[in-house]
Amino acid sequence: MAQVPQGLDRTLVQELRQKVALGSRVLASFELVDYLGHLSARVPGTGYVLIRSRGAEQGDQRRMTPEQVSLVDLEASHLEGEYRPPDETPLHTEIYRARPDVLAVVHTHQPLATIFGDLEKPILPMQAVMATAVREEIPIYRSARKIMTAEQGAEVARVLGEGSIVHLQNHGVTVAGGSVEEVVIKAIWLENQARLTLLASLIGTPHGMRAEDLEHQVQEAFGIEGRWRYYTSLLDE
C-alpha cells in the first residue's frame with residue numbers, strides 16, 4: 001500500500017466515505033448494482049478518490065458501510081482502507097484525470113440500459129423530470145472487457161467527452177457528475193427512461209419528449225437535495 005497522504009481534511013474524507021456507502025446502498029436497492037459495480041467520489045481540490053472496495057470481498061452492497069470504502073490516488077494506487085479497491089479503479093481515476101469538473105463517478109451493470117447499449121439504440125426522454133437524465137445522445141465504448149488499465153480508462157474518458165453518461169457495450173454504463181447524489185440519481189433515472197422506452201416500443205414507435213419540453217423540465221426542476229432525501233428514505237436501515 002502506498003503512503004497515506006498528509007494534510008487531507010479528515011472530516012471531509014469521512015463524510016465522503018459515508019456518502020459513497022449510502023449511495024451504494026441506494027443503487028443496490030434499485031438492483032442497479034449487486035456485489036459488482038462501484039461508486040466513487042473525488043476529494044474536492046485534490047488528486048485523491050474514495051471508492052467502494054472490491055466487490056468480490058465485500059458482497060451485497062445493500063449492507064455497504066463506510067469502512068468498505070478505500071482511498072486511492074489518480075494512479076489508482078491504494079492509499080488507505082482495510083480492503084482492496086476494485087480492479088476497475090482506473091475507469092474512475094482516468095475520468096477524474098480528464099475531467100476536473102467531475103466529483104463523482106458510478107459504474108453499474110444496470111440491465112435495461114445495458115440492453116440499449118448492446119443494440120446501439122437510444123434511450124429516449126420519456127417522462128417528466130427523469131427524462132433530463134438523457135438530454136443528449138449516450139456515446140458507446142465498444143468493448144465488454146473490464147477497464148483495468150490506465151489506457152482503457154483514458155479511452156473511456158475520451159468517448160465520454162464532456163458528457164455525463166457512457167455505455168460500456170455488453171458491460172454496463174458509467175455516469176460522471178458533480179456529486180455522489182447526482183450520479184446515483186441519474187443512474188436511477190436512466191434505468192427508468194430505458195424501461196419506458198422499452199415498454200413504448202412494444203406498443204408502437206416511441207418518440208420521446210420534445211426538445212423544448214425537455215429543456216422546460218430542466219429549468220423547472222427543483223434542487224437535488226429533496227430527491228436525495230426521498231431515495232435514501234426508501235432504504236431499510
Side-chain angles (χ1 to χ4, degrees), residues 19-42 49-56 58-64 68-70 85-96 99 102-119 121-123 130 132-134 138-148 152-153 156-157 159-160 163-198 224 227-228 231-232 234-235:
K19 192 168 287 186
V20 168
L22 180 57
S24 297
R25 295 199 300 274
V26 171
L27 290 164
S29 75
F30 280 87
E31 299 184 347
L32 304 184
V33 298
D34 43 31
Y35 78 96
L36 299 172
H38 21 82
L39 173 63
S40 71
R42 188 204 298 263
V49 173
L50 290 157
I51 187 167
R52 186 256 172 157
S53 299
R54 191 168 183 264
Q58 300 310 309
D60 191 342
Q61 296 194 57
R62 289 175 295 181
R63 294 183 290 275
M64 182 80 181
Q68 295 169 328
V69 178
S70 298
D87 293 337
E88 292 189 296
T89 297
L91 169 61
H92 297 251
T93 54
E94 291 303 317
I95 290 175
Y96 289 122
R99 292 278 300 277
V102 168
L103 294 177
V105 173
V106 64
H107 168 48
T108 72
H109 296 162
Q110 53 197 84
L112 295 180
T114 300
I115 289 170
F116 279 87
D118 169 76
L119 296 172
K121 291 185 176 295
I123 298 171
M130 291 189 187
T132 60
V134 283
I138 300 174
I140 300 172
Y141 172 75
R142 290 181 172 84
S143 173
R145 297 180 64 186
K146 292 174 68 175
I147 311 302
M148 298 177 62
Q152 289 174 297
V156 172
V159 174
L160 173 67
S164 61
I165 305 174
V166 59
H167 283 295
L168 308 182
Q169 197 165 44
N170 302 113
H171 182 170
V173 299
T174 295
V175 183
S179 68
V180 167
E181 295 92 329
E182 179 185 336
V183 299
V184 168
I185 291 171
K186 187 165 284 189
I188 294 169
W189 290 1
L190 175 68
E191 193 74 353
N192 177 275
Q193 298 307 287
R195 179 173 64 85
L196 293 179
T197 302
L198 173 62
I224 203 168
R227 305 183 196 284
W228 180 248
Y231 287 117
T232 56
L234 301 178
L235 296 176

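Annotation: side chain of I188 is in contact with side chain of Y231 (closest heavy-atom distance under 4.5 Å). Residues R52 and Q68 have side chains not in contact (no heavy-atom distance under 4.5 Å, counting atoms from C-beta outward). Side chains of E182 and R227 form no contact here, defined as non-hydrogen atoms less than 4.5 Å apart. Counting only heavy atoms from C-beta outward, the side chains of L39 and I51 never approach each other to under 4.5 Å. Side chains of S29 and L234 form no contact here, defined as non-hydrogen atoms less than 4.5 Å apart. Residues T232 and V26 meet the side-chain proximity criterion, which asks for heavy atoms closer than 4.5 Å. Residues V183 and V102 form no side-chain contact, since every pair of their non-hydrogen atoms from C-beta on lies 4.5 Å or further apart. Side-chain contact between V134 and W189 is absent, with no heavy-atom pair separated by less than 4.5 Å.
Across V106 and T108, no two heavy atoms sit closer than the pair CG2-CG2, 3.8 Å. The two residues I185 and W228 come nearest to each other via the heavy atoms CD1-N, 3.9 Å. Scanning both residues, G172 and T114, for their nearest heavy atoms gives CA-OG1, 3.4 Å. Of all heavy-atom pairs between A144 and N170, the closest is CB-O, 3.7 Å.
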Decide salt bridge (Lys or Arg N to Asp or Glu O under 4.0 Å) for E181 and K19; before the verdict, give the C-alpha distance in whole Å, the side-chain angles of both, and the deciding distance to 0.1 Å.
CA-CA 8 Å; E181 295 92 329; K19 192 168 287 186; 2.8 Å; yes

Checking side chain to side chain contact (heavy atoms under 4.5 Å, CB included) for the pair V180/L103: CA distance, chi angles, key distance, verdict?
CA-CA 8 Å; V180 167; L103 294 177; over 6 Å; no

Step by step, work out the side chain to side chain contact (heavy atoms under 4.5 Å, CB included) result for V175 and V184.
CA-CA 8 Å; V175 183; V184 168; over 6 Å; no

Candidate pair S40 and Y96, rule side-chain hydrogen bond (donor to acceptor under 3.5 Å, both in side chains), full reasoning:
CA-CA 10 Å; S40 71; Y96 289 122; 2.7 Å; yes

What's the verdict on side chain to side chain contact (heavy atoms under 4.5 Å, CB included) for S164 and K186, showing C-alpha distance, side-chain angles and the deciding distance?
CA-CA 9 Å; S164 61; K186 187 165 284 189; 3.2 Å; yes

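Atom CD in Q169 sits 9.0 Å away from atom CG in L119 (nearest 0.5 Å). With rounding to the nearest 0.5 angstrom, the CG atom of L27 is 11.5 Å from the CG atom of D34. The CG atom of N192 sits 9.0 Å away from the CZ atom of F30 when rounded to the nearest 0.5 Å. Interatomic distance, Q193 CD to L112 CG, rounded to the nearest 0.5 Å: 11.5 Å. Rounded to the nearest 0.5 angstrom, H109 NE2 and Y35 OH are separated by 9.0 Å. The CG atom of L198 lies 10.5 Å from the CD1 atom of I123; values are rounded to the nearest 0.5 Å.
In this pair, H38 and H107 present their aromatic rings tilted. The plane angle is within the 30 to 60° band.
Using modelled atom types, one side-chain atom of S24 and one backbone atom of V20 make a donor-acceptor pair closer than 3.5 Å. Between the side chain of Q110 and the backbone N or O of V173 there is no donor-acceptor pair closer than 3.5 Å. Between the E94 side chain and the P90 main chain, no donor and acceptor come within less than 3.5 Å of each other. When atom types are taken as modelled, the side chain of R25 and the backbone of L235 share no donor-acceptor pair closer than 3.5 angstrom. For Q61 (side chain) and G37 (main-chain N/O), a donor-acceptor pair under 3.5 Å exists by modelled atom type. The backbone N or O of A113 sits less than 3.5 Å from a side-chain atom of E191, completing a donor-acceptor pair.
Checking L160, I138, V159 one by one against H167, the side-chain contact (heavy atoms from CB on, under 4.5 Å) holds for a single residue, I138.
With 3.5 Å as the limit, one finds no donor-acceptor pair spanning the side chains of T174 and Y141.
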